[in-house]
Protein chains: 2
Amino acid sequence: MMDERKKKVLQAIVLDYIATGEPVGSRTIARRYHLGVSPATIRNEMADLEELGLIEQPHTSAGRIPSDRGYRYYVDFIMKKEELKPYEKEYIQRRFNEKMREIEQVLEYATAVISEMTNYAAIAVGPFRSRVSFKKIELLPIERGQALLLVVTNTGLVDHRILSIPNTINEVDLRRISKVLTARLKGLALEELKRSVLDDIYHQFAAEKEVCRLALELLEQIFNLEGNEEVYLDGTLNILQQPEFKKDVEKVRKILAFLEREDAIRRLLVENPNIGLTVKIGQENAAYNIRECSVISINYQLGGETIGSMGIIGPTRMNYARVIPILEFVANTLSAALTKIYGRE
Amino acid sequence: MMDERKKKVLQAIVLDYIATGEPVGSRTIARRYHLGVSPATIRNEMADLEELGLIEQPHTSAGRIPSDRGYRYYVDFIMKKEELKPYEKEYIQRRFNEKMREIEQVLEYATAVISEMTNYAAIAVGPFRSRVSFKKIELLPIERGQALLLVVTNTGLVDHRILSIPNTINEVDLRRISKVLTARLKGLALEELKRSVLDDIYHQFAAEKEVCRLALELLEQIFNLEGNEEVYLDGTLNILQQPEFKKDVEKVRKILAFLEREDAIRRLLVENPNIGLTVKIGQENAAYNIRECSVISINYQLGGETIGSMGIIGPTRMNYARVIPILEFVANTLSAALTKIYGRE
DNA sequence: GTTAGCACTCTGTGTTTAAGAGTGCTAAAC
DNA sequence: GTTTAGCACTCTTAAACACAGAGTGCTAAC
């Protein structure tokens, strides 16, 4: 059904359309890609490919463009990944060698590198709650009636909230509470912070019940939320450069509005199964607003365990063969960098 | 030179153009705004207004549109501010009544309210370094060789960095250093954190010089930067709704790219003189990329002292009479809310 | 000073035309 | 049976053109 020549023709159409953004005709293929057959033959093949739903015609007298299914077939069965140039690999690695202490920064760098090298929008979602554990919890007095709740995780993430406390509580009390909280929660994964655990800790306190309750409540607020993973974003304006969107501001608006919604991006990336790389093409995306986009995502690891996900969003007419190796390489480099900084625990 | 009738005509042109986005002709004015004179008379007035540089013609047979100077004249001498509706005032106030502890959140709310009510992009810049002082500095042990530097300011802002420390330093040492740092820096404005002060503190330490040096270095890094003020942004995509930009994606890109640059926004708002409200129309803006936009900004206060600035960016064809009262009211409400939370110090 | 009238200008729109690109089909060649 | 040349046909795009509509500026009359 899909013989070698059909694949060649489909490949030619995909490559040419990715390069030019213009529908591709049989003559163009015959001229530019040396398949050794005449335009007429290519036309016959194209008719077949259209029948198979792999390419389509914007209108009768135009060339063909790949359909979502066409891109899918290309990605799955035809595409040859473009090996990165040595200097490109070096460049990426250098960007991760700069001294970084906090995971936030690492992920910011990652999205920046990706969007820079691909010219698409880069997204990433921070360490999954299942893979991040508490390292230290501290209550610090700020002034009368106010304390700062501080949480440090094993990934270097620091979060804090201010809370009101009774005037009767002093610094020593707070320190004691901190000690207990840290002792009880250290090593616990964020997602394990369930009501039951909190209640358990709460009951353990004899005095200072009130402060403890407030602190636990805040902790729950911060970490027990579905999707509290941090979202990172870079190069969103690259969308505006894409010729398919130059003409239609409304489409651009939809996509940019989508990218502004952190929960949407989180869902996009968290859905990612545990296998390495995922390519979602056009309609394959659940989200309606990006059904003219492709999303490629990949997980990254800390000490061998998947702790997050990153990817890019661009038009379906995307340079898959180039983007995928970049993503893979960045994910590897990122994983290595993370493991180097935070080690295996 | 600018008699009453000329003002009326200019006003009609500005109002109509703001409302419709279409060039305004003499007939339209005569029909819609009852000035009691014929189109011909209005034409004569328009010729004068054009001579004065207050309006211009996109092309010979089109109506007139206000020039930047025309808007300027309108804003300065003609415009009547639209009083806010009671329910609008209530709405704004309610949004600031929700419980807020940190200044970041207050400013996020402010930009959200403004962009929501005006449909332009809202910007704000966080408390000026001259008005924010240190409240507490704390060094916390995280694990062997790592400590967390934590800074709390009088505006509730909390910042933190992780730093490497010699293994020999223990928790007690850190606490002692924290005490000294807090004692020495408390009440000091961020912008007063000069080399000399840091050196002075440094010399005071007998032992633990290394840790202290690192901590001071970090402090300097965080706070001594020109423009470390936080920048807030909301409703940037409203730009895409403006008809004058619907056609030209390139213009939109320039503006959105401008808005992505925090330093640019900071400069825009920090330039703001100490008087209340500033209106910069089109070319009056120093930044080239927003020379087709107007920027309106206003300061907000904490306990009577200006501590920051906020505003909106939109097309020069902006509803000044509505936007300005909204900004004024939000700034007042915000100032009140801040003063209520952080009080006068 | 104001206004009616009018010639003039320019844009925007719709229509027509022509060129160009591309197709599908048929019939001949391989 | 597959490939290809040839050709008629379709559709888009761009250019050319006409024309209605909006608006102006000027002049002369009120």
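This one's a predicted model, so the numbers in the text were calculated from it and none came from an experiment. Excluded from the calculations below are hydrogen atoms, water molecules and symmetry mates; all remaining heavy atoms, backbone and side chain alike, are included. A, B, ... follow the sequence lines: proteins, then strands. Residue 1 opens every chain.
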- Task: Run the salt-bridge test on A/D68 and A/R72 with the 4.0 Å N-O cut-off and return the result as yes or no.
- Result: no
- Task: Identify whether the distance between the nearest side-chain nitrogen and carboxylate oxygen of B/E83 and B/K89 falls below 4.0 Å.
- Result: yes
- Can you tell which of A/R5, A/R64, A/K8 makes a salt bridge (Lys or Arg N to Asp or Glu O under 4.0 Å) with A/E45?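 In the set A/R5, A/R64, A/K8, the residue that makes a salt bridge (Lys or Arg N to Asp or Glu O under 4.0 Å) with A/E45 is A/R5.
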Distance check needed: [N] [atom2] versus [X] [atom1], whole Å only.
| X | N | atom1 | atom2 | result |
| --- | --- | --- | --- | --- |
| A/I55 | C/dG22 | CD1 | C1' | 13 Å |
| B/E22 | D/dG21 | CD | P | 17 Å |
| B/R31 | D/dG21 | CZ | P | 14 Å |
| B/E45 | C/dT2 | CD | C1' | 11 Å |
| A/I29 | C/dG22 | CD1 | C1' | 12 Å |
| B/D3 | C/dG1 | CG | P | 11 Å |
| A/K6 | D/dT3 | NZ | C1' | 14 Å |
| A/D48 | D/dT2 | CG | P | 11 Å |

- Task: Supply the atom-to-atom distance B/D48 CG to B/L10 CG, rounded to the nearest 0.5 angstrom.
- Result: 12.0 Å
- Message: To the closest 0.5 Å, what do you measure between NZ (B/K254) and CD1 (B/I239)?
- Response: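 Reported value, rounded in 0.5 Å steps: 14.5 Å.
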- Query: Between B/S38 and C/dT2, is there a side-chain N or O to OP1/OP2 distance below 4.0 Å?
  - Reply: no
List every contact pair, protein side and nucleotides 23-30 of chain C side both N or O, where the distance is under 3.5 Å.
unit_1: C/dT23; atom_1: OP1; unit_2: A/R64; atom_2: NH1; d: 3.2
unit_1: C/dT23; atom_1: OP2; unit_2: A/S26; atom_2: N; d: 3.2
unit_1: C/dT23; atom_1: OP2; unit_2: A/S26; atom_2: OG; d: 2.6
unit_1: C/dG24; atom_1: OP1; unit_2: A/R64; atom_2: NH2; d: 3.1
unit_1: C/dG24; atom_1: N7; unit_2: A/R43; atom_2: NE; d: 3.1
unit_1: C/dG24; atom_1: O6; unit_2: A/R43; atom_2: NH2; d: 3.1

- Item | Donor on one side chain, acceptor on other, A/Y91 and A/E116, under 3.5 Å |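 Yes - a donor-acceptor pair under 3.5 Å links their side chains.
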